[in-house]
Amino acid sequence: MDLTPSSFAMAVDAQGFLEPWTSKIERRLADMAGMYADADAERAAIAAGDPLVYEVFQHDMPEHPGELVVCTTRLYPGRVGDEYFMTKGHYHRIRERAEVYYGLAGEGRLVVAVDDRTDVIPMRPGTVAYVAPRWAHRTVNTGSEPFVFLAVYHGDAGHDYGTIETEGFPLRVVERDGAPAVVESR
Ligand code: PAN
Ligand code: ZN
């Protein structure tokens, strides 16, 4: 592996389009089936056209701890029942790997959890949020526009989705009387 890669520049705009990107992930509701609390609303939304929930544009790097992956997420506005559109959420496969998020557009929440601790961090354009090593993290779009942010994490961090698929997140962000509210999952 070439451990002396080239230094270079990327460009990102307020809509989160990253140039150059090397991989793109699109997640529709069916790709994250079972994650929303209202199973009937989830099934109905998938049957009614399976909306695009979010896209990630990424500049992949070698899986080496000294490298940094840069990517952007465009999380679309919407709800499943009363629960706002969100990302799947994950731990890093190597737990001791932190991450930085930078808000570019729209508004949302960064929900983090580790052991019996949780936090909900509001994000808007200009917010720099630090995800500490070991914390599971998920973002939620609480606005009416795409919630867009840039993320930077270590090349070898990897993603553990399975633990969240099995255990879920302890908190959910839902609309109550027209405003975001945080509720316990179980
Ligand atoms: C982010 C996330 C991105 C999509 O780049 O991967 O927002 O969320 P999920 O990976 O949970 O589907 C990040 O935290 N990378 O490590
Ligand atoms: Zn991450």
Side-chain angles (χ1 to χ4, degrees), residues 15-16 23-58 71-93 95 99 101 103-125 127 129 131-132 134-151 153 157-186:
Q15 294 311 306
S23 63
K24 182 184 172 188
I25 297 165
E26 282 189 1
R27 287 220 216 279
R28 295 185 172 276
L29 193 51
D31 300 321
M32 54 192 306
M35 292 195 143
Y36 291 86
D38 187 337
D40 291 338
E42 184 185 84
R43 240 188 324 272
I46 291 171
D50 193 16
L52 179 62
V53 181
Y54 59 101
E55 299 170 282
V56 179
F57 295 86
Q58 180 153 309
C71 65
T72 53
T73 302
R74 287 174 55 81
L75 175 54
Y76 289 98
R79 277 183 286 129
V80 177
D82 62 5
E83 191 171 9
Y84 294 103
F85 275 10
M86 61 189 180
T87 57
K88 290 181 76 166
H90 58 268
Y91 291 90
H92 290 153
R93 188 172 39 75
R95 292 291 195 270
E99 183 157 6
Y101 280 10
L104 292 169
E107 60 181 87
R109 301 286 187 274
L110 169 61
V111 183
V112 292
V114 67
D115 303 327
D116 56 355
R117 296 170 64 193
T118 55
D119 204 354
V120 179
I121 300 169
M123 285 192 65
R124 53 184 62 85
T127 302
V131 179
R134 301 183 53 242
W135 288 72
H137 41 289
R138 162 183 281 168
T139 45
V140 182
N141 187 342
T142 52
S144 52
E145 303 293 327
F147 169 38
V148 185
F149 59 91
L150 181 132
Y153 62 97
H159 296 95
D160 167 14
Y161 293 105
T163 305
I164 302 298
E165 284 163 3
T166 309
E167 299 177 3
F169 250 80
L171 300 177
R172 295 182 178 278
V173 185
V174 298
E175 188 183 81
R176 288 277 187 277
D177 302 323
V182 178
V183 297
E184 294 199 356
S185 275
R186 23 188 144 74

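All values below were derived from every heavy atom in this structure, side-chain atoms included, with hydrogens, water molecules and symmetry-related copies excluded. All values reported here derive from a predicted model rather than from experimental measurement.
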Engineer: When rounded to the nearest 0.5 angstrom, what distance separates CH2 in Trp135 from CG in Leu110?
Structural biologist: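 Taking CH2 in Trp135 and CG in Leu110, the distance rounds to 10.5 Å.
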
Engineer: Please determine if Lys88 and Asp31 form a salt bridge, counting it only when a charged side-chain N lies under 4.0 Å from a carboxylate O.
Structural biologist: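 So Lys88 does not pair with Asp31 through a salt bridge.
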
Engineer: According to the interplanar angle, ranging from 0 to 90°, do the rings of Tyr153 and His159 count as parallel (below 30°), tilted (30 to 60°) or perpendicular (above 60°)?
Structural biologist: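 If you compare the ring of Tyr153 with that of His159, the planes turn out perpendicular.
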
Engineer: Does the side chain of His92 come within less than 4.5 Å of His137's, by heavy atoms?
Structural biologist: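 Of all side-chain heavy-atom pairs linking His92 with His137, at least one is under 4.5 Å.
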
Engineer: To check you understand the geometry: which heavy-atom pair defines the closest contact between Gly49 and Arg28, and what is its length?
Structural biologist: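 That closest heavy-atom pairing would be O-NH1, 4.5 Å.
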
Engineer: Can you list everything that forms a side chain to side chain donor-acceptor pair (under 3.5 Å) with Tyr161? Sequence neighbours excluded, please.
Structural biologist: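 Residues passing side chain to side chain donor-acceptor pair (under 3.5 Å) with Tyr161: Arg27.
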
Engineer: Does this structure show an ion pair linking Arg43 with Asp40, if we count only N-O contacts that are shorter than 4.0 Å?
Structural biologist: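 The answer is yes: the pair qualifies as a salt bridge.
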
Engineer: Taking side chain to side chain donor-acceptor pair (under 3.5 Å) as the definition, give me every residue that meets it alongside Ser23, ordered by chain and number, with sequence neighbours left out.
Structural biologist: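 Scan of Ser23 (side chain to side chain donor-acceptor pair (under 3.5 Å), adjacent residues dropped) gives Asp60.
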
Engineer: Determine yes or no for a side-chain-to-main-chain donor-acceptor pair under 3.5 angstrom, with Glu83 supplying the side chain and Ala37 the backbone.
Structural biologist: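 Here the side-chain-to-backbone pair exists.
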
Engineer: Where the side chain of Arg93 meets the backbone of Asp160, is there a donor-acceptor pair that is under 3.5 Å apart?
Structural biologist: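 Not a single qualifying donor-acceptor pair exists.
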
Engineer: Between atom OG1 of Thr139 and atom OH of Tyr101, what is the distance when rounded to the nearest 0.5 Å?
Structural biologist: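 Spacing of OG1 (Thr139) from OH (Tyr101) equals 5.5 Å.
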
Engineer: Okay, side chain of Glu42, backbone of Ala33: is any donor-acceptor separation there less than 3.5 Å?
Structural biologist: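 Checked: no pair found.
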
Engineer: To the nearest 0.5 Å, what is the distance between OG1 on Thr72 and CD on Gln15?
Structural biologist: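 Output value for this atom pair is 10.5 Å.
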
Engineer: For Tyr36 and Phe85, work out which heavy atoms get closest and say how close.
Structural biologist: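 Heavy atoms of Tyr36 and Phe85 come nearest at OH-CA, 3.6 Å.
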
Engineer: Check Arg176 against Asp82 and note the closest heavy-atom contact, atom names and distance.
Structural biologist: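 Heavy-atom minimum between the residues: NH1-OD2, 2.6 Å.
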
Engineer: Report the residues that fulfil side chain to side chain donor-acceptor pair (under 3.5 Å) with Glu107, sequence neighbours left out, ordered by chain and then residue number.
Structural biologist: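 Checked Glu107 against side chain to side chain donor-acceptor pair (under 3.5 Å); zero matches.
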
Engineer: If I compare all heavy atoms of Val140 with all of Met86, which pair ends up nearest, and what's the gap?
Structural biologist: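 Minimum heavy-atom separation between Val140 and Met86: CG2-CB, 4.0 Å.
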
Engineer: Would you give the length of the straight line joining atom OG1 of Thr87 to atom CD1 of Ile164, rounded to the nearest 0.5 angstrom?
Structural biologist: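 If we round to the nearest 0.5 Å, Thr87:OG1 and Ile164:CD1 are 9.5 Å apart.
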
